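None of these values were measured; they are calculated from a predicted model. One-based numbering along the sequence shown.
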Amino acid sequence: TITSGQLNASGGIRFAAAASATKRIIMSGGDGEVNVKGEVTIPANSATLTAGTAGSIFNYMDDVSSQTIRYFTAGGYYNLHLNNTSPSGATLIAAMSATNVTGGVRVQSGTLHNGGFNIVGGPGDTIQVADDAELDLTGAGAFPTGFLTFDFQPISRVRYRQTSAAITIATHTFGHL
């Protein structure tokens with residue numbers, strides 16, 4: 001249980017295959033933060049994240065290796081922060097929904113690759129790309145939708161590299177497009 005302060009997992013987090021009720025990260029009681037350098041390994045039906053709505057943060061951060069953004073068997077991230085400055089950045093393993101991220105998505109440094117998947121937020125959620133950070137959209141994944149707030153800082157980068165025949169550029173104020 002993490003209700004305040006930080007848990008720094010500099011060697012990643014690995015869950016063993018088992019019932020998700022027995023492998024839990026509970027962050028629902030406050031504004032704690034989990035910082036992960038390395039991979040988060042979540043076999044099928046093996047882990048639960050109870051993030052709550054009090055401001056908890058799960059931060060993928062690495063300056064050497066790429067990271068894969070994985071979703072828990074049950075529960076979801078509240079605030080998902082990305083700070084992967086490695087040459088390969090961080091990449092989604094599957095589509096992001098308003099269920100598996102229930103607060104905000106903030107690319108604070110480095111690159112978030114959508115992996116060709118859609119990024120969908122909820123009606124009160126925020127997506128932010130900070131100065132010198134990048135959101136890389138590829139494959140068939142559309143521009144992020146469903147978010148209340150789209151915050152692209154003046155020196156941020158959004159790259160449209162989808163493979164669909166027609167690409168529609170969303171109407172937002174971008175840093176670099």
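What you find for Ile13 and Phe15 is that their closest heavy atoms are CG2-CE1, 3.6 Å. Of all non-hydrogen atoms in Gln67 and Met61, the two that sit nearest each other are OE1-N, 3.3 Å. Here the shortest heavy-atom pairing between Met27 and Ile57 reads CE-O, 3.4 Å. Nearest approach of Asp125 to Thr102, heavy atoms of both residues: OD1-O, 3.2 Å. What you find for Ala51 and Ser56 is that their closest heavy atoms are O-OG, 2.9 Å.
If you check the side chains of Thr138 and Asn114, you find a donor sitting under 3.5 Å from an acceptor. Side-chain polar atoms of Asp151 and Gln128 form a donor-acceptor pair below 3.5 angstrom. Judged purely by distance below 3.5 Å, without hydrogens or angles, the side chains of Asn8 and Ser10 never pair a donor atom with an acceptor atom. Judged by distance alone, the side chains of Asn83 and Ser109 do bring a donor and an acceptor atom under 3.5 Å apart.
Between Ile93 and Phe117, every side-chain heavy-atom pair lies at or beyond the 4.5 Å cut-off. Within the 4.5 Å cutoff, side-chain heavy atoms of Gln6 are placed close to those of Asn35. Arg70 is listed as a side-chain neighbour of Glu39, based on a closest heavy-atom distance under 4.5 Å.
Between His172 and Phe143, the ring center distance clears the sub-6.0 Å criterion.
For the pairing with His113, the side-chain hydrogen bond (donor to acceptor under 3.5 Å, both in side chains) check across Asp136, Thr91, Thr68, Asn84 returns one residue only, Asp136.
From Lys37, atom NZ reaches atom OG of Ser86 across 10.0 Å, with rounding to the nearest 0.5 Å. Atom-to-atom distance recorded for Leu49:CG and Tyr78:OH is 13.0 Å, nearest 0.5 angstrom.
In this pair, Phe72 and Tyr77 present their aromatic rings perpendicular. The plane angle is above 60°, beyond the 30 to 60° band. Note on ring orientation: taking the six-membered ring where Trp is involved, the planes of Tyr60 and Phe58 are tilted (angle from 30° to 60°).
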